[in-house]
There are 2 protein chains.
Amino acid sequence: MTASTATGLLAATPAAWYEAALGSLEVLLVDHANCEKKAASTALGLMFSYADDVALGLSLARLAREELRHYEQVLGLMARRQVRYARLPPGRYAAELRRAITTHEPGRRLDLLIAGQLIEARSSERFEGLIPRLPEDIARLYAGLEAAEARHRSLYRGLAERHAAATGLDYAARLAALASVEAELATRPDPLFRFHSGPPG
Amino acid sequence: MTASTATGLLAATPAAWYEAALGSLEVLLVDHANCEKKAASTALGLMFSYADDVALGLSLARLAREELRHYEQVLGLMARRQVRYARLPPGRYAAELRRAITTHEPGRRLDLLIAGQLIEARSSERFEGLIPRLPEDIARLYAGLEAAEARHRSLYRGLAERHAAATGLDYAARLAALASVEAELATRPDPLFRFHSGPPG
């Protein structure tokens with residue numbers, strides 16, 4: 001597999017995942033709301049871990065604000081569709097991707113930023129694939145979000161490349177390693193349907 | 001001591017704290033940036049803990065977005081004043097207030113919301129007291145933030161009262177207990193100057 005130069009992703013989402021999404025719209029929306037909240041929380045976590053990097057702090061604060069706004073927009077859509085919020089056990093994606101992240105600095109920071117890049121890239125890819133298939137109200141919201149996720153992917157990529165340049169770490173090598181884990185999680189059959197899951201098992 | 005009906009605070013900030021602030025403007029700004037980030041993180045923590053309360057989630061997402069925006073504004077002011085970000089050991093305020101919080105639900109949720117109310121109330125009170133004393137550029141920024149902090153205080157108070165009404169807990173009793181701890185932390189001599197510290201020891 002070769003990485004898509006634009007996105008970093010090594011594999012496209014299988015058609016079976018999109019079919020599962022259309023059959024699980026309520027779970028898709030609830031899990032999506034959780035993902036936006038989690039994305040804001042992850043950005044804040046990086047702002048605390050690397051508090052002396054003001055450029056990182058400023059850009060991730062803006063990103064977190066956008067993710068929170070998306071969370072509010074998804075909750076608004078759920079209210080209009082009378083979808084009740086329900087607690088969902090988390091899928092495997094974030095936990096397993098996290099397991100591949102280096103535990104020591106400065107490598108840890110590079111990996112966390114690349115993980116951010118890949119998650120935003122996968123979100124953006126799935127929004128794009130979902131939009132032509134979804135009911136019009138959800139498609140309209142997702143069209144707005146897709147552009148933001150693509151911007152967030154570029155932001156994380158820029159922060160990762162800058163950190164690699166400053167520390168002499170190999171961005172391309174770590175992207176290849178983490179993108180390989182990510183592609184496997186997004187394409188291997190998965191017992192739980194979620195926004196970032198694999199296709200049904 | 002009787003609680004101020006409007007703010008819930010049991011004691012005014014001592015004049016000596018304001019004098020210390022004017023002599024420690026760089027620490028004030030850096031710690032204030034940290035406080036805004038921490039306020040966003042606390043709101044997000046509540047959104048995760050009480051994820052099935054959509055009204056709480058929506059209002060705290062908006063609050064967190066505002067706190068992040070303030071963080072960005074403080075960093076902007078620091079850049080214009082050429083104040084370098086520096087890591088500061090945390091003061092005693094948040095940790096000691098947290099120690100007074102009930103460990104079991106449903107009391108824990110009430111206490112966390114009241115703690116939010118008191119922290120926002122103290123922030124708002126100190127902004128108001130600082131504004132006439134500060135250099136004009138900082139005063140102008142703080143005038144904008146003060147109104148938001150007062151709104152956040154009311155938001156937390158409303159969420160706390162609603163939760164107390166739904167569970168039969170005594171809002172006034174818990175406010176009195178936590179406000180007493182808070183007032184002591186804000187007025188007892190403190191070895192470290194911080195945005196929420198006591199006056200110098």
Side-chain angles (χ1 to χ4, degrees), chain A residues 26-27 29-90 94 105 145 148 152 155, chain B residues 26-27 29-90 94 105 145 148 152 155:
Chain A
E26 300 211 346
V27 173
L29 290 173
V30 172
D31 190 55
H32 176 197
N34 288 340
C35 287
E36 296 288 0
K37 194 166 60 174
K38 188 64 174 39
S41 170
T42 299
L44 260 164
L46 288 165
M47 290 165 62
F48 278 100
S49 296
Y50 308 112
D52 40 8
D53 186 337
V54 171
L56 176 146
L58 277 175
S59 55
L60 290 182
R62 277 187 220 109
L63 178 148
R65 284 198 285 121
E66 287 196 334
E67 309 284 19
L68 287 164
R69 182 77 189 108
H70 297 172
Y71 163 82
E72 295 164 44
Q73 290 174 304
V74 180
L75 287 190
L77 182 73
M78 284 168 58
R80 288 192 294 281
R81 290 189 147 247
Q82 301 186 291
V83 174
R84 261 186 71 109
Y85 185 88
R87 282 190 186 259
L88 295 175
E105 297 294 0
L145 305 191
H152 296 170
L155 168 61
Chain B
E26 300 211 347
V27 172
L29 290 173
V30 172
D31 190 53
H32 176 196
N34 288 339
C35 287
E36 297 287 2
K37 195 166 57 174
K38 187 66 173 40
S41 167
T42 299
L44 259 164
L46 289 165
M47 289 165 62
F48 277 100
S49 296
Y50 308 113
D52 39 10
D53 186 337
V54 171
L56 176 146
L58 277 174
S59 55
L60 290 182
R62 278 188 218 106
L63 179 148
R65 284 198 286 121
E66 286 195 335
E67 308 285 20
L68 286 165
R69 182 77 190 109
H70 297 171
Y71 163 83
E72 296 164 44
Q73 289 173 305
V74 180
L75 287 189
L77 181 73
M78 286 168 58
R80 288 192 295 281
R81 290 189 146 247
Q82 301 186 289
V83 174
R84 260 187 71 109
Y85 185 89
R87 281 189 186 260
L88 296 175
E105 297 295 359
L145 305 191
H152 296 171
L155 169 61

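First the proteins, then the strands, lettered A, B, ... as listed; each starts at 1. Since the structure is predicted, the reported quantities are computational estimates derived from the model, not experimental observations.
Closest of all the heavy-atom pairs between B:Val74 and B:Leu29 is CG1-O, 3.6 Å. Residue A:Leu68 comes nearest to B:Ala64 through the heavy atom pair CD1-CB, 3.7 Å, listed as atom of the first residue, atom of the second, then distance.
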Write out the donor-acceptor pairs between chain A and chain B under 3.5 angstrom, atom names and distance to 0.1.
residue : atom : partner : partner atom : Å
A:Lys37 : NZ   : B:Met47 : O            : 3.3
A:Met47 : O    : B:Lys37 : NZ           : 3.3
A:Ser49 : O    : B:Arg87 : NH2          : 3.0
A:Arg65 : NE   : B:Glu72 : OE2          : 2.7
A:Arg65 : NH2  : B:Glu72 : OE1          : 2.8
A:Arg65 : NH2  : B:Glu72 : OE2          : 3.2
A:Glu72 : OE1  : B:Arg65 : NH2          : 2.8
A:Glu72 : OE2  : B:Arg65 : NE           : 2.7
A:Glu72 : OE2  : B:Arg65 : NH2          : 3.2
A:Arg87 : NH2  : B:Ser49 : O            : 3.0

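A distance of 12.5 Å separates CG of B:Leu63 from CG of B:Leu58, quoted to the nearest 0.5 Å.
Ranked by heavy-atom pairs under 4.5 Å with chain B, the first of A:Val54, A:Leu44, A:Val30 is A:Leu44.
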